[in-house]
Amino acid sequence: MDATDTTAPASRARWAVAAAFFINGFITGSWAPQIPLLLTRLEISEFVLGLLILVFGLGALTAMPFSGYLMTKRGSRPVVIGFAWIVVFALLLVVLSPNVWVAAVTMFIFGGSIGAMDVAMNANAVAVERKLSRAIMSSSHGFWSLGGFAGGGLGGIFILSFGHLPHAVFVTVAAAAMTAFALPHLIGEDKPEAHEHHHFRLPRLPTIYLVGIMALFSMIPEGAVLDWAALYLKQELGADIATAGFAFAAFSGIMALMRFLGDGVRNRFGAVTTLRVSALIAACGMLAAGLAPNPWVAIAAFAFCGLGVANMVPIAFSAAGNQPGVPSNIGMSVVTTMGYSGILVAPSGIGFVAGQVGFAPVFVTLSGFLVVVCLMAGLARHADFRAMPQTAPAE
């Protein structure tokens, strides 16, 4: 009876945190097909668009530590819910922006809310793992990718059929409904461990920063596909807006599928082998995307890249949380901050470079980053762990 009483709310919380990941990914994916329209609607250059994307990233990186601070006071549950409600309306605010200055403010809010929610929902996933005594992180990230697939895939078609503003309104209403229905079931930590954060010190162990570089090089390609793949297909390969939206959708859809399988693959082959092979697959996909002769080949290449990228970040995060000699929360803080710089800040630099040389050479170059991760894969050996004995029935 006691086991059932404990497991039932944890099981509901497991799906609630999955919904949080899905909502965050859905809003982010819905942003992808809006990017080329922002360029033309505000009559701005790729350079200015790159600055706006940089503002998005700076908002996220500013809000991430603040989210961590709030969690030391309140726990992850209210922080996830609070920032989720900001995320729900953030895309609509960007789409309603009448000029580049208002867009800059709304992009900062958008990025800040996405980043803060991301940190809190990852922390909440850890709390659920402790309740269930088993890993759910890879599949949680799978729900983020599934949300990105839904947002990116439906977004281009919806915009083409009804326009950019109705699309933003639909996304807002759908995300609000999911937030209201699912997130109240999130689990709360028994005691927010505030004392762990009173004396934050950067670790001296260099290995943790090398793991951070692995996370960074794994997430830069993801950020590049999110922010620039649609524009690449539209401007350089001649795709229409609906087809262009399929680039990130295919990437996210395959990535989602592989993340749902990721725990089983890692358990069978180990973190190092999984990361090494994944990085090689991702590098091949990114290289093929940069050399693609038409939009559909590029979409297929991005999908193949997503197959490889899928489990690279979860493995890096697991390695960070299990580094000997480094407290788990500090290791995670360092590596997640370095990693998310790749998806939040680096794409702005990619935009600047692409404005000079085009996107195709950029994607070819990014394949080299993924080869570097393959060569560094041995650093992920601490990601393998022995699961705790089950104390309650599985879901």
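These values consider heavy atoms only, across backbone and side chains, with no hydrogens, waters or symmetry-generated copies. Numbers here are sequence positions counted from 1.
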Is there a donor-acceptor pair closer than 3.5 Å between any side-chain N or O of [X] and the backbone N or O of [Y]?
X: E236; Y: F359; value: yes
X: R77; Y: L186; value: yes
X: E222; Y: V309; value: no
X: Y340; Y: M64; value: no
X: R41; Y: V95; value: yes
X: R381; Y: G378; value: yes
X: N124; Y: I187; value: yes
X: T28; Y: N24; value: yes
X: S367; Y: V364; value: yes
X: T273; Y: G270; value: no

Is the closest side-chain heavy-atom distance between [X] and [Y] below 4.5 Å?
X: H167; Y: F162; result: no
X: Q235; Y: L39; result: yes
X: M107; Y: L54; result: no
X: M312; Y: L370; result: yes
X: L216; Y: V335; result: no
X: F304; Y: I281; result: yes
X: L275; Y: N311; result: no
X: L70; Y: F83; result: yes

Which pair of heavy atoms, one from [X] and one from [Y], lies closest together, and at what distance?
X: V225; Y: A229; value: O-CB, 3.1 Å
X: A316; Y: V211; value: O-CG1, 3.5 Å
X: A176; Y: W85; value: O-CH2, 3.6 Å
X: Y232; Y: A298; value: CE2-CB, 4.4 Å
X: A103; Y: S97; value: CA-OG, 3.5 Å
X: V79; Y: A120; value: CG1-CB, 3.7 Å

Applying a strict under-4.5 Å side-chain criterion to I, L, V, M, F, W and Y, I'd like to know whether [X] and [Y] cluster together.
X: W31; Y: F89; value: yes
X: V105; Y: L58; value: yes
X: L154; Y: I159; value: no
X: W296; Y: I157; value: yes
X: L96; Y: I27; value: yes

Interatomic spacing from [atom1] in [X] to [atom2] in [Y] - rounded to 0.5 Å:
X: I213; Y: S218; atom1: CD1; atom2: OG; result: 11.5 Å
X: L38; Y: H164; atom1: CG; atom2: NE2; result: 9.0 Å
X: I23; Y: M178; atom1: CD1; atom2: CE; result: 5.0 Å
X: L366; Y: I350; atom1: CG; atom2: CD1; result: 5.0 Å
X: M121; Y: S67; atom1: CE; atom2: OG; result: 10.5 Å
X: L92; Y: T172; atom1: CG; atom2: OG1; result: 4.0 Å

Donor + acceptor pair across side chains of R14, S139 (<3.5 Å): yes
Aromatic centroids of [Y] and [X] separated by under 6.0 Å:
X: F56; Y: F108; answer: no
X: F22; Y: F143; answer: no
X: F21; Y: H141; answer: yes

Dump the intermediate steps for side-chain contact (heavy atoms from CB on, under 4.5 Å) on I299 and L233, then the final yes or no. CA-CA 9 Å; I299 290 169; L233 264 66; 3.5 Å; yes
Among L51, L52, L49, find the residue that satisfies the side-chain contact (heavy atoms from CB on, under 4.5 Å) test when tested with V100. L52
For side-chain contact (heavy atoms from CB on, under 4.5 Å), just list the numbers for M338 and I208, CA-CA rounded to whole Å, side-chain angles, deciding distance to a tenth of an Å, and then say yes or no. CA-CA 11 Å; M338 292 179 68; I208 196 68; over 6 Å; no
With F302 as partner, the option from F363, F149, F251, F248 fulfilling ring pair (Phe, Tyr, Trp, His ring centres under 6.0 Å) is F363
If you count the non-hydrogen atoms of other residues, nucleotides and ligands that lie under 6.0 Å from CZ in F352, is the total more than 12? yes
Please determine whether the number of non-hydrogen atoms from other residues, nucleotides or ligands lying under 6.0 Å from atom CZ of F66 exceeds 12. no
